[in-house]
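What follows is a short report on a single structure.
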Protein chains: 2
Amino acid sequence: MEILRLLRDAKQQFSHQETADPEAFGVCINLIAEKLKLAQPTVSRHIDILKRAGFITVQRYQKWSYCRRDETALSEYRDWLSETLSIG
Amino acid sequence: MEILRLLRDAKQQFSHQETADPEAFGVCINLIAEKLKLAQPTVSRHIDILKRAGFITVQRYQKWSYCRRDETALSEYRDWLSETLSIG
DNA sequence: TATTCATATAGAAGTTTTGCTATATGTCAA
DNA sequence: TTGACATATAGCAAAACTTCTATATGAATA
């Protein structure tokens with residue numbers, strides 16, 4: 001949840017990322033770990049879970065792994081949840 | 001999730017409840033436990049969690065505790081989730 | 001009032017989750 | 001090709017979750 005929230009405001013939350021535009025390319029795992037004050041391997045695992053769930057895409061470029069939300073997948077999940085619980 | 005799904009179709013899932021209309025009054029914990037094939041105390045705890053979360057209301061009448069979804073709360077949760085994650 | 005039935009609470013066991021440290025792998029630059 | 005940096009994997013410990021059995025409480029009836 002917190003990672004998805006951070007990535008929502010990537011532009012403002014990670015304005016100090018210099019290697020690539022945080023919004024267009026994504027945010028690298030290091031910076032996310034820093035922001036969350038969690039160890040890098042911990043975040044690496046969470047990222048992997050989010051990736052396997054389809055909620056983010058991870059694009060490796062050079063030595064960085066850029067993470068970006070998959071807005072379509074998130075929207076579809078929201079709809080699935082609504083449907084499954086029949087929320088009006 | 002499964003309890004909320006069961007209560008969604010209370011009328012059809014618990015048509016054999018004779019003490020009260022499952023849709024209008026709610027479904028008693030016993031029948032939910034039976035349906036889920038879980039022990040009564042297990043379901044009792046889940047019900048308590050759902051109640052504290054505000055997703056269901058539990059109305060005690062005589063010796064039964066009738067559980068009903070709170071559609072407004074569920075809808076609000078869906079919206080909160082959408083908002084929090086900024087899902088378009 | 002004693003019994004029966006529905007539910008709640010207590011306590012314990014097994015599993016899953018979440019975090020860490022240590023270390024391996026991948027990638028680039030000197 | 002070696003060193004430095006980003007990420008991944010392995011292994012472990014603590015905490016949380018999920019379920020159970022045993023038992024207590026609440027409510028109605030014989």
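Reminder, nothing fancy here: chain letters follow the sequence lines and each chain counts from 1.
- Rounded to whole angstrom, the span from the CD atom of Glu18(A) across to the P atom of dC5(D) amounts to 16 Å.
- Using a cutoff of 4.0 Å between basic side-chain nitrogens and carboxylate oxygens, Arg52(B) and Asp48(B) are scored as salt-bridged.
- To the nearest angstrom, C1' of dC5(D) lies 14 Å from CD of Glu34(A).
- Checked by distance alone, Arg45(B) brings a side-chain donor or acceptor within 3.5 Å of a matching partner on the base of dT19(D).
- Map Val43(A) and Arg60(A) each onto its nearest nucleotide of DNA chain C; the residue landing nearer the 5' end is Val43(A).
- Regarding Asn30(A), its CG atom lies at a distance of 5 Å from the P atom of dA6(D), rounded to whole Å.
- The aromatic rings of Tyr66(B) and Phe25(B) sit perpendicular, their planes meeting at an angle over 60°, well past the 30° parallel limit.
- Relative to the side chain of Cys28(B), the nucleotides dA28(D), dT7(C), dT21(C) differ in distance, and dT7(C) lies closest.
- Ile56(B) places its CD1 atom 12 Å from the P atom of dT7(C), with the value rounded to the nearest Å.
- Across dA28(D), dT21(C), dT21(D), the shortest atom-to-atom separation from the side chain of Pro41(A) is found for dT21(C).
- Note: CD1 (Ile47(A)) to P (dT7(D)) measures 10 Å, nearest angstrom.
- The shortest side-chain heavy-atom distance between Gln62(B) and Thr19(B) does not fall under the 4.5 Å cut-off.
- Heavy atoms only, all atoms of each residue included: Glu23(A) and Arg68(A) are closest at O-CD, 3.6 Å.
- Take the nearest nucleotide of DNA chain D for Asp48(A) and for Lys63(A): the residue whose nucleotide is more 5' is Lys63(A).
- A sub-4.0 Å separation between OP1 or OP2 of dT7(C) and a side-chain N or O of Ser44(B) is absent.
- A 4.5 Å side-chain heavy-atom check between Met1(B) and Leu81(A) finds at least one atom pair inside the cut-off.
- Residue contacts shown for Ser65(A) are limited to sugar-phosphate atoms, with no base heavy atom under 4.0 Å away.
- Note on His46(B): every side-chain N or O is 4.0 Å or more away from OP1 and OP2 of dC17(D).
- Atom CD1 in Ile3(B) sits about 12 Å away from atom C1' in dT18(D), given to the nearest Å.
- The separation between Leu50(B) atom CG and dC17(D) atom P is 14 Å, rounded to whole Å.
- Nucleic acid contact class of Gln40(B) (heavy atoms, under 4.0 Å, all strands): base.
- Going from atom CD of Gln62(B) over to atom C1' of dG26(D) covers 12 Å, rounded to whole Å.
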